> 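Please read through the structure below; I'll follow up with questions.
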Amino acid sequence: MSEKVSFDKITTHLQQTGYVYQGSQIYNGLSNTWDYGPLGAELKRNIRSMWWKKFVQESPTNVGLDAAILMNPRVWEATGHVTTFNDPMVDCKACKARHRADNLIKEQYPDVDVDAMSFEDMDEFIKTHELVCPVCGKKEFTPIRKFNMMFKTHIGVTEDSSSTVYLRPETAQGVFVNFVNVQRTMRKKLPFGICNAGKSFRNEITPGNFTFRTREFEQLEMEFFCKPNTDLEWFAYWKEYCRKFLDSLGVKDENLRYRDHEPAELAFYSKATTDVEYNFPTLGWGEILGVADRTDYDLSRHQEYSKQDLTYFDPDTNERYIPYVIEPSMGLDRLMLMVMVDSYEEQELEGGDVRTVMHLLPALAPYKIAVLPLSKKLSEKGKEVLSILNKHFSVTYDETGSIGKRYRRQDEIGTPYCVTIDFDTSEDQSVTIRERDSMKQVRMPIDDLVNYFSVKLFY
RNA sequence: GCAGGCGUAGUUCAAUGGUAGAACGCGACCUUGCCAAGGUCGACACGCGGGUCCGAUUCCCGUCGCUUGCUCCA
């Protein structure tokens with residue numbers, strides 16, 4: 001067994017091998033943006049399809065949706081994003097530390113009702129009551145400044161406020177506003193779920209830790225609508241379902257943990273939340289997905305703001321009610337990072353040589369097979385085999401360098417199988433298959449390859 | 001956004017007030033022909049701008065970017 005490799009080493013490897021590139025690199029990058037290279041793009045697609053397969057295709061209750069990023073701004077008033085994403089921040093002029101004005105007041109004057117104060121009130125209060133900076137003890141603060149977490153843009157070419165729209169900070173709202181559409185057109189009865197995957201944007205102040213926290217990220221979310229008072233059962237059900245999904249990604253169990261939120265930690269809309277965290281090297285535990293009981297909060301708010309009827313008529317009981325919602329939500333970029341990090345291994349070989357291997361599950365690997373002619377003289381036969389296999393699988397081809405070196409290259413990027421063309425291939429119409437993890441080889445007729453891999457690659 | 005640190009081939013590192021070397025990696029050819037072989041050859045770098053200077057990759061300033069910490073994190 002090799003010891004745990006540093007996070008830094010793995011991210012360097014990912015950037016060297018075509019999984020991840022720094023964003024806008026030829027312009028010296030842009031803080032905290034990343035592009036997925038050819039391999040990363042394949043891996044991302046594979047994980048997204050596994051999620052879709054598990055949560056949409058294999059679920060008898062669920063359907064998919066692909067909602068727009070830009071939404072009517074009233075949506076974000078209804079959810080509270082416009083107001084609570086406007087946190088009042090002040091800086092200490094002496095030590096430059098930054099604080100939330102409302103928290104400062106709460107901490108130093110617990111009896112004051114901060115929620116009822118306007119920002120002007122808070123400014124005034126801070127001055128007249130001589131609040132001190134918890135860091136340096138001085139009493140000089142800048143006026144309150146607002147940091148809106150939502151990216152703003154405009155529809156149309158004029159910049160008046162009536163045309164302001166936001167990039168969505170979560171995909172969930174695209175589902176809630178379509179609850180009635182989906183229910184009616186798909187003739188769905190409760191309980192049922194709507195899955196929606198796509199980019200979300202949060203203009204967070206702090207960047208950090210490679211692709212783990214970025215301002216632009218892809219979410220895989222499901223909103224599962226159920227009858228009130230059945231929500232806790234469904235909460236437990238989807239928690240377990242998520243566990244199975246993570247298992248199917250092949251991540252080592254000891255690197256995962258489940259953490260129930262304490263009541264004080266819960267978001268205001270949520271009755272219960274469980275996070276699943278992954279133990280990253282160097283970084284430690286980081287959230288990969290969350291399952292939340294969102295109650296009827298979202299639909300109720302949308303009903304209030306849109307003045308549309310968002311209730312569900314239950315034909316079994318002849319009741320009308322707003323459904324409760326269980327939401328398993330995960331970050332695709334984080335799932336990717338987890339899978340890439342977890343699969344990475346450096347094996348010490350005799351002679352001090354190091355063999356780097358990504359033990360990706362075949363279903364996730366960017367390339368399933370590498371076709372490797374033993375010599376360039378065998379190119380023609382190699383390309384023939386390539387064109388048979390790439391009708392069915394994602395395949396790469398390499399005829400440069402020694403065969404051992406080419407095996408290592410494929411190990412490094414996680415290709416589970418290599419197909420080697422040798423000088424006997426033309427005569428016996430057979431090739432050698434070399435498996436990544438065991439490094440074992442078997443001989444097989446070319447005609448059997450497609451069937452063989454169809455079974456091997458998708459269980 | 002604030003404070004510190006840092007910017008030399010793809011990567012890891014050198015050297016230098018007179019325009020830069022290596023290793024690994026990459027490519028071609030020869031050789032070999034199933035687990036990083038060898039040989040020959042080749043491509044690729046001083047983040048950007050300004051100042052000082054005869055001359056700046058080197059010194060100074062600015063800028064851009066990265067990074068660590070803080071702040072933030074529905």
Side-chain angles (χ1 to χ4, degrees), chain A residues 8-9 12-13 15-18 21-33 76 79-81 84-85 87 89-100 103 133-136 142 145 147-150 168-173 200 202-210 212-215 217 219 221 261 265-270 273 275 286-287 290 292 294 297-298 327 329 347 349-357 372-378 399-412 418-424 431-436 439-441 443:
Chain A
D8 206 40
K9 192 149 190 189
T12 302
H13 175 258
Q15 292 179 79
Q16 289 296 304
T17 49
Y21 306 128
Q22 188 185 33
S24 315
Q25 198 168 27
I26 64 169
Y27 289 99
N28 284 323
L30 174 64
S31 182
N32 210 28
T33 62
W76 308 115
T79 59
H81 281 86
T84 61
F85 268 173
D87 292 331
M89 308 300 297
V90 292
D91 288 348
C92 170
K93 285 180 180 170
C95 72
K96 308 293 183 193
R98 171 165 297 158
H99 310 278
R100 273 183 61 166
N103 288 348
C133 171
V135 177
C136 69
T142 60
R145 292 182 288 180
F147 292 84
N148 195 318
M149 293 295 203
M150 284 196 292
R168 65 180 176 198
E170 60 178 17
T171 56
Q173 301 308 326
S200 291
R202 290 180 199 165
N203 201 354
E204 305 198 46
I205 297 165
T206 304
N209 297 334
F210 198 53
F212 184 78
R213 171 164 287 132
T214 52
R215 296 188 175 98
F217 54 98
Q219 289 185 302
E221 290 193 309
H261 280 214
E265 198 185 351
L266 291 173
F268 62 78
Y269 56 72
S270 179
T273 298
D275 283 347
E287 183 188 341
R294 292 181 79 129
Y297 175 78
D298 299 272
E327 175 198 73
S329 167
Q347 299 173 341
L349 302 183
E350 290 172 34
D353 210 14
V354 176
R355 175 176 177 247
T356 303
V357 190
L372 313 173
L374 218 47
S375 156
K376 281 183 184 172
K377 293 173 189 127
L378 299 164
E399 55 179 30
T400 312
S402 76
I403 189 66
K405 182 161 197 87
R406 282 180 275 161
Y407 285 149
R408 293 289 180 90
R409 283 183 190 139
Q410 297 307 321
D411 292 339
E412 274 176 14
C418 293
V419 164
T420 310
I421 317 299
D422 61 28
F423 291 94
D424 298 329
V431 295
T432 303
I433 299 172
R434 179 264 197 187
E435 201 270 330
R436 176 193 66 206
M439 294 167 72
K440 289 200 176 120
Q441 304 187 331
R443 191 79 180 164

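Because the structure is a prediction, the values reported are computed rather than measured. Each chain gets a letter, A, B and so on, in the order the sequences are listed, and its residues count up from 1.
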> Compare all side-chain heavy atoms of Ile421(A) with those of Glu399(A) and state whether any distance is below 4.5 angstrom.
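A side-chain contact is absent here, since even the closest heavy-atom pair is not under 4.5 Å.
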> Return the nucleotide paired to C13(B): Watson-Crick means purine N1 to pyrimidine N3 with N6-O4 or O6-N4, wobble means G-U with N1-O2 and O6-N3, both under 3.5 Å.
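By the stated definition (distances under 3.5 Å), G21(B) pairs with C13(B).
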> With a 3.5 Å distance limit and no angle check, can you tell me whether Arg202(A) reaches the backbone of Phe217(A) through a side-chain donor-acceptor pair?
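No, because the side chain of Arg202(A) does not come within donor-acceptor range (under 3.5 Å) of the backbone of Phe217(A).
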> Can you measure Glu399(A) atom CD to A28(B) atom P for me and round it to whole angstrom units?
8 Å
> Which nucleotide, if any, forms a Watson-Crick or G-U wobble pair with C29(B), using both distances under 3.5 Å?
G39(B)
> For the P atoms, the ones on G47(B) and on C66(B), what distance do you get once it is rounded to whole angstrom?
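Straight-line distance between the two P atoms is 16 Å.
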> On RNA chain B, check which nucleotide each of Arg355(A) and Thr33(A) is closest to and give me the residue with the more 5' one.
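Upstream on the strand: Arg355(A).
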> Nearest heavy-atom pair of His13(A) and Thr356(A): which atoms, and what distance?
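Closest approach of His13(A) to Thr356(A): NE2-CG2, 3.9 Å.
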> For G49(B), what is the paired nucleotide under Watson-Crick or G-U wobble rules, both distances under 3.5 Å?
C61(B)
> Report the base-pairing partner of U8(B) (Watson-Crick or G-U wobble, both distances below 3.5 angstrom), or none.
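In the structure as shown, U8(B) has no Watson-Crick or wobble partner.
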> Work out how far the C1' atom of A15(B) is from that of G21(B), and round it to whole angstrom.
7 Å
> Could you check whether Thr400(A) gets within reach of a base, just the sugar-phosphate, or nothing at all, counting any heavy atom under 4.0 Å?
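Sugar-phosphate contact only - Thr400(A) comes under 4.0 Å of backbone atoms but never of a base.
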> Any heavy-atom pair between the side chains of Gln219(A) and Arg168(A) that's under 4.5 Å?
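No - every pair of side-chain heavy atoms lies 4.5 Å or more apart.
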> NE2 of His13(A) versus P of G10(B): gap in Å, rounded?
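Distance, rounded to whole Å: 19 Å.
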> In whole Å, what separates the C1' atom of U8(B) from that of G4(B)?
23 Å
> Measure from the side-chain heavy atoms of Arg409(A) and tell me the nearest of G10(B), C35(B), C26(B).
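Nearest listed nucleotide: C26(B).
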> If we count only N and O atoms by modelled type, under 3.5 Å, do the side chains of Glu170(A) and Ser200(A) hold a donor and an acceptor together?
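Looking only at side-chain atoms, Ser200(A) and Glu170(A) do not form any donor-acceptor pair under 3.5 Å.
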> Can you tell me how far P in U32(B) sits from the matching atom in A37(B), rounded to whole Å?
16 Å
> Establish, with yes or no, whether the OP1 or OP2 oxygen of A74(B) is under 4.0 angstrom from a side-chain nitrogen or oxygen of Arg294(A).
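False: Arg294(A) side-chain N/O out of range (4.0 Å or more) of A74(B) OP1/OP2.
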> Output the rounded distance in Å from CE (Met150(A)) to P (A74(B)).
14 Å
> Can you tell me the distance, in whole Å, between the CD atom of Glu170(A) and the P atom of C73(B)?
15 Å
> Taking a pair as Watson-Crick or G-U wobble with both distances under 3.5 Å, which nucleotide is matched to G69(B)?
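Here G69(B) is engaged in a pair, and the nucleotide opposite it is C2(B).
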> Tell me whether the side-chain N/O atoms of Lys9(A) come closer than 4.0 Å to OP1 or OP2 in U12(B).
no
> What is the distance, rounded to the nearest whole Å, between atom CD of Gln410(A) and atom P of C35(B)?
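For the pair Gln410(A) CD and C35(B) P, the rounded distance is 17 Å.
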> On RNA chain B, check which nucleotide each of Glu435(A) and Thr12(A) is closest to and give me the residue with the more 5' one.
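In this pair, the answer is Thr12(A).
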> Any idea which of A36(B), C66(B), C34(B) is nearest the Gln22(A) side chain?
C66(B)
> Would you confirm whether Arg406(A), through its side chain, and Gly401(A), through its main-chain N or O, come within 3.5 Å as a donor-acceptor pair?
yes
> What about Arg213(A), does its side chain sit under 3.5 Å from the base of C73(B) through a donor-acceptor pair?
yes
> Looking only at atom C1', what distance separates G38(B) and C44(B), rounded to whole Å?
24 Å
> Nearest-Å distance, NZ (Lys376(A)) to C1' (A28(B))?
7 Å
> Just the rounded figure in Å: distance from P of C34(B) to CZ of Arg434(A).
14 Å
> C34(B) C1' sits how many Å from Met439(A) CE, rounded?
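After rounding, the gap between these two atoms is 10 Å.
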> Given that both distances must come in under 3.5 Å, which nucleotide forms a Watson-Crick or G-U wobble pair with A56(B)?
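Across all strands, not a single nucleotide pairs with A56(B).
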> Please give the distance between the P atoms of G27(B) and A43(B) as a whole number of Å.
16 Å
> Report the nucleotide, chosen from G10(B), C35(B), A74(B), that has the shortest atom-to-atom distance to any side-chain atom of Gln16(A).
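Within the option list, the nearest is G10(B).
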> Can you check whether Lys440(A) has a side-chain N or O nearer than 4.0 Å to OP1 or OP2 of C35(B)?
no
> Under 3.5 Å, is there a donor-acceptor pair between the side chain of Glu287(A) and the main chain of Asp275(A)?
no
> At their closest point, which heavy atom of Ser375(A) faces which heavy atom of Phe423(A), and how far apart are they?
CB-CZ, 3.7 Å
> Once you apply a heavy-atom cut-off of 4.0 Å, does Glu412(A) come out as touching a base, just sugar-phosphate, or nothing?
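Base contact - Glu412(A) has a heavy atom under 4.0 Å of at least one base atom.
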> Under 4.0 angstrom, heavy atoms only, what part of the nucleic acid is Gln15(A) near: base, sugar-phosphate, or nothing?
nothing
> OP1 or OP2 of G25(B) less than 4.0 angstrom from a side-chain nitrogen or oxygen of Lys405(A), does that happen here?
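The answer is yes; a side-chain N or O of Lys405(A) sits under 4.0 Å from OP1 or OP2.
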> When rounded to the nearest Å, what value does the distance between P atoms of G7(B) and C46(B) take?
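Here G7(B) and C46(B) have their P atoms 16 Å from each other.
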> Just to confirm, is there a sub-4.0 Å distance from OP1 or OP2 of A36(B) to any side-chain nitrogen or oxygen of Ser402(A)?
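Answer no for this pair, as no side-chain N or O of Ser402(A) is under 4.0 Å from OP1 or OP2.
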> Given the C1' atoms of U67(B) and C30(B), what is the spacing between them in whole Å?
46 Å
> Checking contacts here: which listed nucleotide (A36(B), A74(B), C34(B)) is nearest the side-chain heavy atoms of Asp422(A)?
C34(B)
